[in-house]
Amino acid sequence: MQFSKTLMLGATVAGLLTTGFAVAQEQYIGLPSYRVGAYAAGGTALYGGWIDYMQMLNQRDGGVGGVKLTWEECETEYNNARGVECYERMKNRGPTGNTVFQPLSTGITYSVLDRVAVDKIPLVTMGYGRTDAADGRVFPWVFPLITTYWSQNTAKIKFIGQQEGGMDKLKGKKIVNLYHDSAYGNETIPVLNAQAERYGFTIVHIPVAHPGNEQQSQWLRIRQERPDWVILRGWGVMNPTAIRTAARTGFPREKIVGVWWSGSEEDVIPAGDAAKGYIAAGFNVAGKNFPVVQEIEKHVYAKNLGNMEDKSRVGSVLYNRGVVHGIITVEAIRKAQEKYGTGKSLTPEQVRWGFENLDIDEARLAELGAEGFLPPLKTSCENHEGSGMVKFQQWDGTRWNVITDWIEADQELVRPMIEASAAAYAAEKGITPRDCSKEM
Amino acid sequence: MTFFFEVLIGGLLSGVLYALVALGFVLIFKASGVFNFAQGAMVFFAALTFVGFTEVLPGWTGLAPGSGAVFWLAFALALSSMIVLGIATEKVVLRPLVNQPPITLFMATIGLTFFVEGVAQGIWGTSVRGLDLGIDDEPVMFLMDNFNMLVSKFDVIAAAIALVLFVTLAILFQYTKVGRALRAVADDHQAALSVGIPLKHIWAIVWGVAGFVALIAGLIWGARNGVQFALTFTALKALPVLILGGFTSVPGAIIGGLIIGASEKLAEVYLGPYVGGGIEGWFPYILAMLFLLVRPEGLFGEKHIDRV
C-alpha cells in the first residue's frame, strides 16, 4: 500500500515536471530594488514602471517569444553591502541564473563590477555608473546604455548654445556648475572644462556638501558670480533646495538646467511654485500619451495587477524611466532569442550578446509604442552606450513639458575621453581589450 | 561688506532652525538622560503625518483642500499622533529599560529610529510632497531696497516662530509646577521619585513636548525643502549644535545654533574656495570637536564631576 502510494506520487510529480517543462519556459530577472529608506520615492516609481512593463508583456503576449518573464525583488535600501548580497543571492536563481543585474546605484555598480565578469552576468547601468564603461572593448559585461553623464553634459552645452542663438554665442558667457560633492557630482568637471576651453565660456564649479539641504552660501556666491546659466548636478533633497534657494536669490529658474537625476516630479514638487520654468535633461520623457503606457494601463491596471500603489505616479518621469528599463531589457532578450532560439530560457551570457547588438530604431520604437519616449539606440562591441541623446523638459508648475527634440552628444569630444579613461583602467587592471573585428 | 553681512545674517537665521531641531534632543536628554537618536525620524514622521492628513481630510470631511480648517485639523491630528508616539515610546521602549545603562537606552532609540521611519512610510507612502505654509520665500524688500542685502523673509519668520517656541518652553521650565518637576527629574531620577514626582508621567510629558517641537521643526524644514525622507538628515545639523551648546541647556541650543549656522556659512564662502569647497557638511563638526577640547560639557552644559 505504502509502495503504491509512493509510486503514484512519483508518477504525478514526474508528469507535472514533464508537462511543466514543456509549457512554462521562463526568463528570470532579479531586481535589486529599493522601496524603503532614503531613496524609496525614486525606487518605488522606477521599479514599479519596470515591473508593470514586464507584467503587460506577460498579460498581452504571454511573455517574450513564448517565454514568460519572471522576476523577484531584493531590497537593497541603496546600500552597497546589501546590493552585493542581493547580487549573490539572485545570480543563480531561475532556470538559467539571473538574466541581468541593474542596481540603479553607482555605488552598487562599482561593488559588483569585477564580479559580473567572473559570473558572466551583464551589468546594465542606464544613466549612472562608470562613464568609461561605454567602451565595450574594456568592459564587455557592462552597459551604460542610452547616454552617459559626459554625453549628457555636451548635450546640455549644445542646448544652452541653442538658447543663446548659436554655439559661437557662448563665448564670454559664464556658467556655474552646482554639483553634489561626491564622485557622482565630480564626474562631469573634466568634460565641462574641456567644453569651456573649446567654446570660450567661463565655468565656475561650486560644490554642495551632502545631503545639500542648506545652500544659502552657495547661492549667495552664485549671486555674486552673476552667471548666465546654472547647471544643476544634484541628487535627492539637494534639488528642491537648490531650486527654492535660487528663487530666493532671484535667479531665473528657466536659466537652470538639471541632470536627469534632478529632473523628476520628486525634485520639483517639494519646491512648489519656485520650480516653475526650471529645465532638466532626460533620456526619457514624462506623460501617459504614449501607446506603451496606455497598454500598461489597459492590460495591467485595468486588471488590478499594477505595481504602483499610488496610480497617479504612472506616467511620471521615474515611472517612465522604469518602463524604459523594461523595454531595453526585453529587447535584448528578444535580440538574443533571434540568435540563440525562441521559446527557451536564455543564459545571461546569451542575453549579453543581445545587449551588445541592440538596434532599436525609430520604426522599432513605433512598434513598441514608444516613439519619442526614448531615443533610438544602436549598440556594438565598441559602443555600449548606443545613443547619447537627451531631450529637455521644462516644469510648468504641474507637469513636465518637452521643449526640444533629441539633442545629440558631442561624441567627437566625449568618445576620445571615454577611450582614454577605459584604456587607463585596462592598464591598471591588466585587462587586454577585446579585438572587436573578431567579434560576431 | 554687504556680502559679509548677507552671509552672516543668513547663517544666523539657519542656525536658529538648527537649534529648533537640537531643542528636541535637549528636552529628552534633560529629562531622561537619553540621547534620542530617533529625533530626526520624529521630525520626518511629524511632517509626513501632517501632510498626509491634509491630503486625506478633504475626502473624509468634505472640507475644501488647502483651507485653514484642513490645516488646523491636520495640525491637531499630527500633534495628537506625536503625543501618542511619545507616550507609546515611554511605555513600550523606555519604561522597561529604567535603570539600565545609558548605552542601552541609546541603542533602544536607534531601533526606534528605524521603526518610526518605516511606520511613517508604511502609513503615508514614499512619495515626496511639497508643503506650503503660506509664507513667501522671497527677500525682505526693505533690506534689499536700502542695503542691497538679500535676507529671506521665510527664514526670518521661521526663526521668529522658533524663538517664540524657545521662550515658551523656557517659561514652562522655569515657572510652572511641571517645569520644576522636569528639572528635578533631570537632576536626579531617584531623588525625584523619592519626593513623589511621578517619573513616568514626566517622561511621557517630555516625549510629548519633544513630539510637538519635532512637528514645528518638521513643518518649517518641510516647507523649506519638501516633506521627504531627507528630513531625517536635519538631525545631522543639530549634533554639532548640541556639542557646542551642551546637551542639557535650552539657551545653549540657541547660542550653539547661532554659532554653528553663522560659522559654517562664513567658512563655506570665505574658506571653502581654498580647500575645494563643500565644507559646510564637516566644518561644524570640526568646530565642535575643537570646542570639546576646551570645554567638554559645552557652553551651557552641566559640568559633571565624579567622586572617586
Side-chain angles (χ1 to χ4, degrees), chain A residues 34-45 179-182 185-186 204-221 223-224 235-245 247-250 264-275 309-310 312-313 316, chain B residues 3-4 6-7 9-11 13-14 17-18 44 114 117-118 121-122 125-132 136-139 144 150-155 221-234 236-237 261 264-270 272-273 276-283:
Chain A
Y34 40 92
R35 291 179 179 271
V36 296
Y39 307 108
T44 47
Y179 66 97
H180 189 266
D181 195 13
S182 60
N186 281 296
V204 180
H205 304 287
I206 300 181
V208 176
H210 180 77
N213 54 358
E214 262 296 299
Q215 293 175 37
Q216 183 81 359
S217 36
Q218 284 83 1
W219 281 93
L220 286 177
R221 199 176 147 205
R223 188 165 167 253
Q224 273 211 320
W235 173 245
V237 70
M238 178 183 156
N239 297 321
T241 307
I243 295 166
R244 277 194 74 113
T245 319
R248 191 186 295 169
T249 53
S264 68
E265 286 78 358
E266 285 74 8
D267 299 310
V268 287
I269 288 172
D273 285 344
E309 207 171 297
D310 179 0
S312 69
R313 297 174 76 195
S316 67
Chain B
F3 181 65
F4 172 82
E6 220 171 48
V7 176
I9 294 169
L13 291 172
S14 296
L17 302 187
Y18 300 164
F44 171 54
F114 292 112
E117 287 169 0
Q121 290 190 316
T126 55
S127 300
V128 173
R129 274 95 158 182
L131 173 58
D132 185 4
D136 292 332
D137 199 355
E138 59 188 27
M144 190 57 123
L150 195 148
V151 174
S152 160
K153 197 164 133 188
F154 181 92
D155 282 0
W221 279 94
R224 268 181 131 217
N225 302 338
V227 177
Q228 52 183 308
F229 193 90
L231 279 176
T232 60
F233 301 151
T234 53
L236 295 175
K237 291 286 185 190
E264 72 170 17
K265 299 283 182 286
L266 291 170
E268 180 68 52
V269 169
Y270 292 106
I279 66 172
E280 219 169 340
W282 53 261
F283 182 82

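In this text the structure is predicted, and so the values were computed from the model without any measurement. Lettering of chains follows the sequences in order, A, B, ..., and the numbering in each one begins at 1.
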Enquirer: Looking at A:Glu265, A:Arg223, A:Gln218, A:Met238, which makes the most heavy-atom pairs under 4.5 Å with chain B?
Expert: A:Arg223
Enquirer: So what's closer than 4.5 Å to chain A heavy atoms on B:Asp136: side chain, backbone, both or neither?
Expert: neither
Enquirer: Is it the backbone or the side chain of B:Asp132 that comes under 4.5 Å from a heavy atom of chain A, or both, or neither?
Expert: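 Contact with chain A involves no heavy atom of B:Asp132 at all.
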Enquirer: Taking the side chain as C-beta and beyond, is there a heavy-atom pair between B:Val269 and A:Gln224 under 4.5 Å?
Expert: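 Result no, sub-4.5 Å side-chain heavy-atom pair not found.
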Enquirer: Quick one: of A:Gly272, A:Ala41, A:Gly37, A:Gly212, who has the most non-hydrogen atom pairs under 4.5 Å with chain B?
Expert: A:Gly37
Enquirer: Among B:Val7, B:Val128, B:Val227, which residue forms the greatest number of heavy-atom pairs with chain A at distances under 4.5 Å?
Expert: B:Val128
Enquirer: Applying side chain to side chain donor-acceptor pair (under 3.5 Å) to A:Glu214 and B:Ser14, what does each step give before you reach the verdict?
Expert: CA-CA 8 Å; A:Glu214 262 296 299; B:Ser14 296; 3.0 Å; yes
Enquirer: At what distance, to the nearest 0.5 angstrom, does CZ of A:Arg35 lie from CD of B:Gln121?
Expert: 12.5 Å
Enquirer: Sort A:Arg313 into side chain, backbone, both or neither according to what part of it lies under 4.5 angstrom from a heavy atom of chain B.
Expert: side chain
Enquirer: Can you name the one residue among B:Lys153, B:Glu138, B:Arg224 that meets side-chain contact (heavy atoms from CB on, under 4.5 Å) with A:Arg248?
Expert: B:Arg224
Enquirer: Under the side-chain contact (heavy atoms from CB on, under 4.5 Å) rule, what do B:Lys237 and A:Asn213 come out as? Steps first, then yes or no, please.
Expert: CA-CA 10 Å; B:Lys237 291 286 185 190; A:Asn213 54 358; 3.8 Å; yes
Enquirer: Does CZ belonging to B:Phe114 count more than 12 external heavy atoms closer than 6.0 Å?
Expert: no
Enquirer: Counting only non-hydrogen atoms closer than 4.5 Å, does A:Thr44 touch chain B with its backbone (N, CA, C, O), its side chain (CB onward), both, or neither?
Expert: side chain
Enquirer: Report the C-alpha separation of B:Gln228 and A:Val237 in whole Å, then their side-chain angles, then the decisive distance to 0.1 Å, and conclude whether the side-chain contact (heavy atoms from CB on, under 4.5 Å) test is met.
Expert: CA-CA 8 Å; B:Gln228 52 183 308; A:Val237 70; 3.7 Å; yes
Enquirer: Using heavy-atom distances under 4.5 Å, tell me whether B:Trp221 contacts chain A through its side chain, its backbone, both, or neither.
Expert: side chain
Enquirer: So which of A:Asp181, A:Thr249, A:Val36, A:Asp310 has the biggest tally of heavy-atom pairs under 4.5 Å with chain B?
Expert: A:Thr249
Enquirer: With chain B, which of A:Ala209, A:Ala38, A:Pro240, A:Ala40 has the greatest number of heavy-atom pairs at distances under 4.5 Å?
Expert: A:Ala38
Enquirer: Hey, mind stepping through B:Glu268 and A:Arg221 against salt bridge (Lys or Arg N to Asp or Glu O under 4.0 Å) and telling me if it holds?
Expert: CA-CA 10 Å; B:Glu268 180 68 52; A:Arg221 199 176 147 205; over 6 Å; no
Enquirer: Among B:Ala223, B:Gly118, B:Gly281, B:Gly11, who wins on heavy-atom pairs under 4.5 Å with chain A?
Expert: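 Option with the top pair count is B:Ala223.
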Enquirer: For B:Phe283, which atoms come within 4.5 Å of any heavy atom of chain A: side chain, backbone, both, or neither?
Expert: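 Neither part.
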